[in-house]
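Structure first, commentary second.
Just so we're clear, the structure is a prediction, and the values are computed from it rather than from any experiment.
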Amino acid sequence: MNSDIKTKFIFDSILYYADKITGTTGKEFENIYIMKLADKISATFDRRKAPGSEFIFEDRGNLYSIFNILNGNNQSKRYDASILYDDDKIKFAKDSVTKPSSEFYKTIKEKISGKLENATMDTDFINSFLEILEQTTSYIPVSASGDEKVDISVYEHIKQSTAIGSALFEYLTENEKIKEQESIYHSPDEFYKEKSILLYSMDFSGIQSFIYGQYGKEDVLKNLRSRSFYLEILMENIIDELLDKLGLSVANLLYAGGGHAYFILANTERTKTLLAEFDADIKAWMQNTFGIDLYIGSGYCECSCNDLQNKPDGSYSNCFRVVSGAVSQNKLRRYGASQIKALNKGKKTDGERECKICHSSYNLNENGVCSLCDGFAQLSRDILNREIFTVVSDKEKGILPIYRNGYLSGGNIKRKDGEEYLNTNKKILIRAYSKNGVYKGKDYVKTIYVGDYHNADTLENLVKDGVGIKRLGVLRGDIDNLGKAFVGGFEKNKQTLSKSAAFSRKLTQFFKYDINNILRNPVYKIPFSDGEAENTDRKIAIIYSGGDDVFVVGAWKDIIEFGVDLYNNLKEYTQGTLTVSAGLGIYMPKYPISYMSEKTGELEDYSKKLEGKNAITLFDKNNSYHWDEFIDRVMGEKFATISEFFSTVEDKGKSLLYNLLELFRNRNNKINIARMAYTLARMEPSGKVSEEEKAVYKNFKEKVYDWMFSDTDTKQVITAIYIYSYLIRKEEEK
């Protein structure tokens, strides 16, 4: 199919919906029945009670939360109307909301109309228009039905309809049925049975080891951030390259995050041929660039419109199972004969030297660093301050390779200087990305959101002013049972493409955007005070925050507190339908980051082994708790009691605290019950003692003695003593 013809159809589809919103285009459309058919199919996906009715934009009240019905939930929470990414506040669904004002709708229409004034029939405009729709209509429900809890937004409906429409247009064209579109629209039942759509997926392998498997001791934090961000840009660019190759817009991207991506494509021979070419080319490029360190597996499933409507029950989930199986098979058979020969032949290596950062032997410079690690070092210099990142064709102006024939440029570009830079470099510019902010110039610059909160530039600086022992805290966590929720988290009669898209987009928003706000506005504080003023900023740096997981480093106390904030915010955000499990370790800042990553990963695994998961494991496998137990029993009860006693009653040194710890550790030895009673008696305040000290001691003595007789309490108090002892230890104490 001529790409210009397909682009015109997609462009017309965008104008079709724009006219529904603004009523200003007044355009007649050549393939109107395919657009209406896609609208009808998407309305069925939306599970609207009147799926045959055409999309109409009107004052619709408030959008219901997709989490109301996830994983057996049954709530009726809604969102306040707002412009997406217009402020840093996390958008929580609420029981009581304010109806959107007429001024809100007027603002939306003005923004959309303003974008249409410079409409051009090309993919850049289509993508930029979809971005405007996302910002303005993500919190407007697609249906105004008063007796329906509509949780699909106008944006999601339009995006999905555009994707379905482009797939059907290509399918009907290849099968020479384009002239039958009107009859298909009016009598679609037989057509709905045809396998007209491809559900396509790609999945990165090796992300964790690529980011954390480096061993250099200099600029470790900067290196980690640059590696993580490079993968973000690489994934975005690979997605954009595929869509360009297929002649499609970002509407056809169903979901991207955490190294995974799903697409809605046409089930045509042309599409399959292009996917095969892309698959071979990307694998060759990845192998040539990264060896076996990074890999992309891919696969697809042929689907009918009925399948995506979950007719019969289970059809929808089966599509995802099939595509997941195809990706897994692709990963198991990742290399053909020619690729294996190339791997055995290897690259040109320096047999006597290894890269001092990643230990590879390829392309070392005079400083003993490979070309990739050298590029990461260059990227890290201003990565946090850069606002626009570009992919260019000129190797001399690039610092890192980007698929296919591009290079990530090294220039520090601000959004206010974007127009001048883009005009000057038009001849070599392949693509541009704006990080955590919208570029408002005339050229299209794709907006990407990244968790990039940081409080220091080095691991040492993160811990140097921390409370207690100067140790680095490392936390790894991810969503429990996300795959199961994504494929089967909704009841069978509610499991649709729309629900999955809305659900996954909300999670991406949380982990790529809201995560920064959680760190900038700390809430939970360990109930401890050493009498010194404490900085309220979290001394933390995000290394990676993807579609469902997070990896952060920082002052160990701040890391514990952030873990609680993450749990609480996710619980409120998802209305208790999703949980997170995490591992938290503390280390000397000079420890190899690969070791920290491996060990916290093991701790995370221990959390996921607890019944029901939803847990945190601290320090070692003996300190695994469900979050509420850790917050309420370990910290709220055990730690608070210990902290209150030792901060109130004078002259009670650390030796008594460590004696208590040893007694709890060896509680199965019966003599230690008597020793505990003796130790507690010795801790009674003597001399002139206030009533407060007497009360605090009595409470402490009674609780500690009782805890000695319970396995659960003993475990909890040991963890609490660990945390308290770390808080009162000074660096000179070993």
Side-chain angles (χ1 to χ4, degrees), residues 63-80 88-97 151 257-258 451 453 475-486 489-490 499 502-527 538 540 542 545-552 558-584 603-604 607-618 624-637:
L63 179 72
Y64 281 83
S65 166
I66 194 68
F67 299 109
N68 283 332
I69 56 172
L70 180 68
N71 287 339
N73 198 21
N74 183 22
Q75 294 179 317
S76 301
K77 293 181 182 289
R78 293 175 289 170
Y79 296 102
D80 283 322
D88 289 337
K89 295 180 180 178
I90 301 177
K91 305 298 190 294
F92 295 113
K94 301 184 294 185
D95 291 315
S96 178
V97 292
D151 49 20
Y453 177 92
L475 181 139
R476 284 182 64 172
D478 70 9
I479 298 294
D480 298 318
N481 305 317
L482 181 61
K484 183 178 179 182
F486 187 79
F490 302 100
K499 304 296 186 190
F503 163 51
S504 58
R505 200 164 68 88
K506 293 297 291 183
L507 270 190
T508 298
Q509 184 180 332
F510 182 85
F511 279 100
K512 285 182 175 279
Y513 184 78
D514 293 329
I515 194 80
N516 293 317
N517 182 62
I518 294 171
L519 282 159
R520 279 193 293 265
N521 299 280
V523 175
Y524 180 76
K525 288 291 181 184
I526 290 177
R538 292 277 194 240
I540 286 175
I542 295 176
S545 186
D548 65 337
D549 59 348
V550 64
F551 186 104
V552 297
D558 288 16
I559 289 290
I560 291 178
E561 292 172 340
F562 163 69
V564 175
D565 278 349
L566 178 68
Y567 163 72
N568 285 330
N569 276 278
L570 182 71
K571 184 177 180 180
E572 183 177 359
Y573 187 83
T574 66
Q575 298 162 228
T577 60
L578 295 176
T579 60
V580 61
S581 289
L584 190 154
L603 294 175
E604 182 184 339
S607 294
K608 289 187 177 292
K609 289 176 182 176
L610 286 185
E611 185 178 355
K613 304 180 181 181
N614 191 27
I616 181 171
T617 301
L618 307 93
S624 284
Y625 302 97
H626 292 111
W627 282 103
D628 287 338
E629 180 186 6
F630 174 71
I631 296 167
D632 298 332
R633 301 290 302 280
V634 176
M635 301 305 298
E637 182 185 32

Next item on the list: Return the orientation label for the Tyr573 and Phe92 ring planes: parallel under 30°, perpendicular over 60°, tilted otherwise.
Entry: perpendicular

Margin query: As a quick check of understanding, evaluate side-chain contact (heavy atoms from CB on, under 4.5 Å) for Val564 and Met635, giving each step before the final call.
Written below: CA-CA 11 Å; Val564 175; Met635 301 305 298; over 6 Å; no

Notebook entry, point to check: Which pair of non-hydrogen atoms, one from Lys77 and one from Ala93, has the smallest distance, and what is that distance?
Noted result: CB-CB, 3.6 Å

Check: So, do Leu570 and Phe510 sit near enough that their side-chain heavy atoms are less than 4.5 Å apart?
Finding: yes

Item checked: Point-to-point distance, once rounded to the nearest 0.5 Å, from CG of Asn569 to CZ of Phe562 -> 9.0 Å

Checklist line | Side-chain donor/acceptor of Ser607 to backbone N/O of Ala582, under 3.5 Å | finding: yes

Notebook entry, point to check: Could you walk me through whether Leu70 and Phe490 pass the side-chain contact (heavy atoms from CB on, under 4.5 Å) check?
Noted result: CA-CA 5 Å; Leu70 180 68; Phe490 302 100; 3.8 Å; yes

Note to self: Determine whether a donor-acceptor pair (N or O, by modelled atom type, separation under 3.5 Å) exists between the side chain of Asn68 and the backbone of Ser65.
What the structure shows: yes

Next item on the list: Answer with yes or no whether the side chains of Asn71 and Thr577 bring together a donor and an acceptor at under 3.5 Å.
Entry: no

Notebook entry, point to check: Under a 4.0 Å N-O cut-off, is there an ion pair linking Lys91 with Asp514?
Noted result: no

Check: Stepwise, does the side chain to side chain donor-acceptor pair (under 3.5 Å) test hold for Asn521 with Asn517?
Finding: CA-CA 6 Å; Asn521 299 280; Asn517 182 62; 2.7 Å; yes

Item checked: Over all atoms of both residues, closest heavy-atom pair of Arg538 and Pro522 -> CZ-CB, 3.3 Å

Checklist line | Contact summary for Asp151 and Ala502, nearest pair of heavy atoms | finding: O-CB, 4.4 Å

Next item on the list: Compare all side-chain heavy atoms of Ile542 with those of Asn516 and state whether any distance is below 4.5 angstrom.
Entry: yes

Note to self: Are Ile90 and Glu572 packed together at the side-chain level, in the sense that at least one heavy-atom pair is separated by less than 4.5 angstrom?
What the structure shows: no

Note to self: Strictly distance-based, threshold 3.5 Å: is any side-chain N or O of Asp548 a donor or acceptor partner for the main-chain N or O of Asp478?
What the structure shows: no

Notebook entry, point to check: Does a sphere of radius 6.0 Å around NZ in Lys608 hold more than 12 heavy atoms from other residues, nucleotides or ligands, not counting ones at 6.0 Å or beyond?
Noted result: yes

Check: Taking Tyr567 for the side chain and Ile616 for the main chain, is one N or O donor matched with an acceptor at less than 3.5 Å?
Finding: no

Check: Between Trp627 and Val580, is there a donor-acceptor pair closer than 3.5 Å when you use the side chain of the first and the backbone of the second?
Finding: yes

Checklist line | Nearest-0.5 Å distance that lies between atom CD in Gln575 and atom CG in Asn73 | finding: 6.0 Å

Margin query: For Phe503 and Leu482: C-alpha separation, side-chain torsions, deciding distance, then whether side-chain contact (heavy atoms from CB on, under 4.5 Å) applies.
Written below: CA-CA 11 Å; Phe503 163 51; Leu482 181 61; 3.7 Å; yes

Next item on the list: Rounded to the nearest 0.5 Å, what's the gap from CG on Asp628 to CZ on Arg633? Could you check?
Entry: 11.5 Å

Notebook entry, point to check: Should the pair Arg476-Asp549 be classified as a salt bridge under the 4.0 Å nitrogen-to-oxygen rule?
Noted result: no

Next item on the list: Take Leu566 and Val552 through the test side-chain contact (heavy atoms from CB on, under 4.5 Å) and record every step on the way to the result.
Entry: CA-CA 11 Å; Leu566 178 68; Val552 297; over 6 Å; no

Next item on the list: Please report the closest heavy-atom contact between Ala485 and Leu578, naming both atoms and the distance.
Entry: CB-CD2, 4.1 Å

Note to self: To the closest 0.5 Å, what do you measure between OG1 (Thr508) and OH (Tyr513)?
What the structure shows: 14.5 Å

Next item on the list: Measure from the side-chain N and O atoms of Asp558 to the backbone N and O of Ile540, and report whether any donor-acceptor pair falls under 3.5 Å.
Entry: no

Check: Are Arg505 and Ile66 close enough that some pair of their side-chain heavy atoms sits under 4.5 Å apart?
Finding: no

Checklist line | Closest heavy-atom pair and its distance - Gly563, Leu475 | finding: CA-CD1, 4.0 Å

Item checked: Inter-residue atom distance Leu507.CG - Gln509.CD, 0.5 Å rounding -> 10.0 Å

Item checked: CD1 on Ile479 to CZ on Phe486, rounded to 0.5 Å -> 14.0 Å

